[in-house]
Amino acid sequence: MSKGKVYIETFGCQMNIADTERATSRLQASGYGISGEAETADVILFNTCSVRARAEQKVFNRIGEIRKGAGASSAPIIGIMGCVAQLEGEALFGGGAGVRLVAGTRATDRLPDLIERALNGEEQVLDLGERLEDEQWDVPVVGRHSPYVAYIPIIEGCNKFCTYCIVPFSRGREQSRAASEIIDEIRRLSDVGYQEVQLIGQNVNSYRPKTEVGLEGFPGATPFSRLLRAAAATKMPRIKFTTSFPRDFHPDIVSAMDEHENLCDWIHLPVQTGSDRILRAMRRGYKVSDYLSRIDTIKNAGRRYALTSDIIIGFPDETDEDFEATLRLVEHCRFDAIYIFKYSERNGTPAARLANNVSDNEKANRFLALEQLQKGIQKKIYADYVGREVSVLVERRSAKSDLDMSGHTTCNKVVNFPGAENLQGNVVSVRVSEAKANSLYGKMI
Ligand code: 5AD
Ligand code: SF4
């Protein structure tokens, strides 16, 4: 007999998707049903993101929508988990949204009990506590977001405290998962046919487990490069990792990637700005020249690595000159893709004490100018793929055409091609015939 049906809606990054998977597995193990839709659920959980104000607002809009749809008769229990929960805590019970459960970023394993208390009539169930000492990070195969690609958290939290960022507050201090557990999980996923794992964390290359059990016999200048070599030694066909922090991006990571083809040819290395003055104000802990030397290592490596980055525009006091330095950096690095964010002031961060003094209008202009520059660069990079053969992990029907299937290359580019549904989960070769702005098109060979 099911204890009740839970529906979880996820916002934000891969870490939140991984937490939802973990919550799902813990709830199923405790006898709860998992519902694919809000309408039939007894409990609706929102797994939230607070990295920018807009992301946060989206959650509250969505709660309003769902409450309207539910009507008064079948009012489900509404709960908030994830980063907004951790930051806002008790305050979420007020405000008229009817929230009855608030579970912080380290409370995922306690969700079954928390929900039970809410179902038993407790009006305000709150847990902002720490992880349990003997906690297991493992997630069984059931309830994962994809049967082909698995996210594997290897480090949680962040110690970097970039001045604009809320993550160290919402996710807490860095905590690395035991290496043996990670390697075991990759092996298990490989045994049941997973084609790709993505090692995830706010800063994967800051990985530093308390003991290195499981990494014996694997060389490397840092625990992360040792972990990569140990992961490569499993039979997993594709291993990707994100996000890397520039200061901790040891050249040995690139050496490990050069040595092992199943360590995929993609590196996400957020630079945030091309101005030393702004980097200092952001307290990123590196200079433009440090970043560029990392890029040199990557560009001079044994094979071509796709390179992507994040950039914030409109940080307090960012001048035209600062922004032009960012344009120059982007021009120089020739990223395969960049994610541009308008600076968003987050309460409680050091940067929130500075005047948010770049106007919305100026932010919009800088956004467009940077986007325009990147478009031109990307066009050339993507055009270079035409005529080449790429390996594609087929993941789903294309959203744009019923005749096409869609997947990713090892370098994390989206590829669409005509094909049948039964190709899903296979790695196929595609000859690229056309380059679009953000994807490639081709024919299976
Ligand atoms: N405003 C804008 N962008 C931000 N990011 C993090 N915090 C903020 C903020 N306050 C961006 C950074 C980071 C990405 C995940 O989100 O670029 O790399
Ligand atoms: Fe935020 Fe900086 Fe940590 Fe990334 S490294 S999560 S930007 S504080």
Side-chain angles (χ1 to χ4, degrees), residues 11-18 48-58 82-84 86-87 105 153-176 198 200-208 224 241-249 267-275 278-286 290-291 294 307-318 322-323 326 329-330 333 335 337-358 360 362-364 366-367 370-371 374:
F11 298 81
C13 64
Q14 289 114 318
M15 195 55 89
N16 272 11
I17 297 176
T48 57
C49 169
S50 60
V51 77
R52 288 173 298 277
R54 250 170 63 124
E56 204 170 281
Q57 195 48 47
K58 250 166 77 180
C83 293
V84 176
Q86 188 69 43
L87 293 168
T105 48
I154 65 163
I155 177 169
E156 244 261 274
C158 184
N159 296 350
K160 308 293 187 283
F161 288 94
C162 305
T163 55
Y164 53 82
C165 187
I166 199 71
V167 168
F169 305 95
S170 61
R171 288 268 171 197
R173 294 303 79 74
E174 283 170 7
Q175 210 178 344
S176 294
Q198 299 197 8
I200 63 168
Q202 271 72 38
N203 298 296
V204 279
N205 54 332
S206 310
Y207 178 72
R208 205 142 66 92
F224 182 61
F241 56 88
T242 184
T243 292
S244 297
F245 188 68
R247 201 190 56 207
D248 298 344
F249 197 81
I267 296 169
H268 183 60
L269 200 61
V271 64
Q272 311 300 358
T273 169
S275 154
I278 299 295
L279 276 177
R280 214 175 318 119
M282 289 177 164
R283 254 187 254 142
R284 288 285 288 178
Y286 55 86
D290 301 320
Y291 185 82
R294 306 284 190 276
L307 190 61
T308 57
S309 198
D310 293 344
I311 289 172
I312 296 177
I313 46 116
F315 186 84
D317 286 331
E318 184 188 67
D322 293 318
F323 178 62
T326 297
L329 178 130
V330 167
C333 292
F335 296 112
I338 57 173
Y339 303 90
I340 312 171
F341 304 102
K342 291 180 188 167
Y343 170 69
S344 171
E345 186 176 295
R346 306 278 60 208
N347 256 336
T349 60
R353 292 196 291 268
L354 307 171
N356 188 354
N357 55 5
V358 178
D360 286 347
E362 190 52 41
K363 279 183 189 146
R366 289 178 189 174
F367 189 102
L370 185 52
E371 190 180 54
Q374 177 60 25

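For the single chain, residues carry numbers from 1 onward in sequence order. One-based numbering, in listed order, for ligands and for the atoms of each.
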Is the closest heavy-atom distance from Arg171 to ligand 2 below 4.0 Å?
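No.
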Is NZ or CZ of Lys160 both nearer than 6.0 Å to the six-membered ring centre of Phe245 and within 45° of the ring axis?
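Yes; both conditions hold, so Lys160 lies above the ring face of Phe245.
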Does NZ or CZ of Lys342 lie under 6.0 Å from the centre of the six-membered ring of Phe367, at an angle within 45° of the ring axis?
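Here Lys342 passes the 6.0 Å and 45° test against Phe367.
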Interfacing atoms of ligand 2 (cut-off 4.0 Å, heavy-atom, Tyr164)
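Matching atoms, with element in brackets: 7 (S).
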Specify side chain, backbone, both or neither for [X], according to which of its non-hydrogen atoms lie closer than 4.0 Å to ligand 2.
| X | answer |
| --- | --- |
| Phe161 | backbone |
| Asn203 | side chain |
| Pro168 | side chain |

Donor-acceptor pair between Tyr164 and Arg52 side chains, under 3.5 angstrom:
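Side chains of Tyr164 and Arg52: no pair found under 3.5 Å.
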Answer whether the closest heavy-atom distance between the side chains of Ser176 and Ile154 falls below 4.5 Å.
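A side-chain contact under 4.5 Å is absent here.
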Between His268 and Tyr339, does a side chain to side chain contact (heavy atoms under 4.5 Å, CB included) hold up when you go through it step by step?
CA-CA 10 Å; His268 183 60; Tyr339 303 90; 3.9 Å; yes
Kindly indicate, with the supporting measurements, whether the criterion side chain to side chain contact (heavy atoms under 4.5 Å, CB included) is fulfilled by Asp317 and Asn357.
CA-CA 6 Å; Asp317 286 331; Asn357 55 5; 2.7 Å; yes
If you take the nearest heavy atom of each of Arg284, Arg283, Arg346, which one is closest to atom 4 (Fe) of ligand 2?
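Checking each option, the heavy atom nearest atom 4 (Fe) of ligand 2 is found in Arg284.
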Cys158 near atom 3 (Fe) of ligand 2: N/O/S under 2.8 Å
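Cys158 does place an N, O or S atom closer than 2.8 Å to atom 3 (Fe) of ligand 2.
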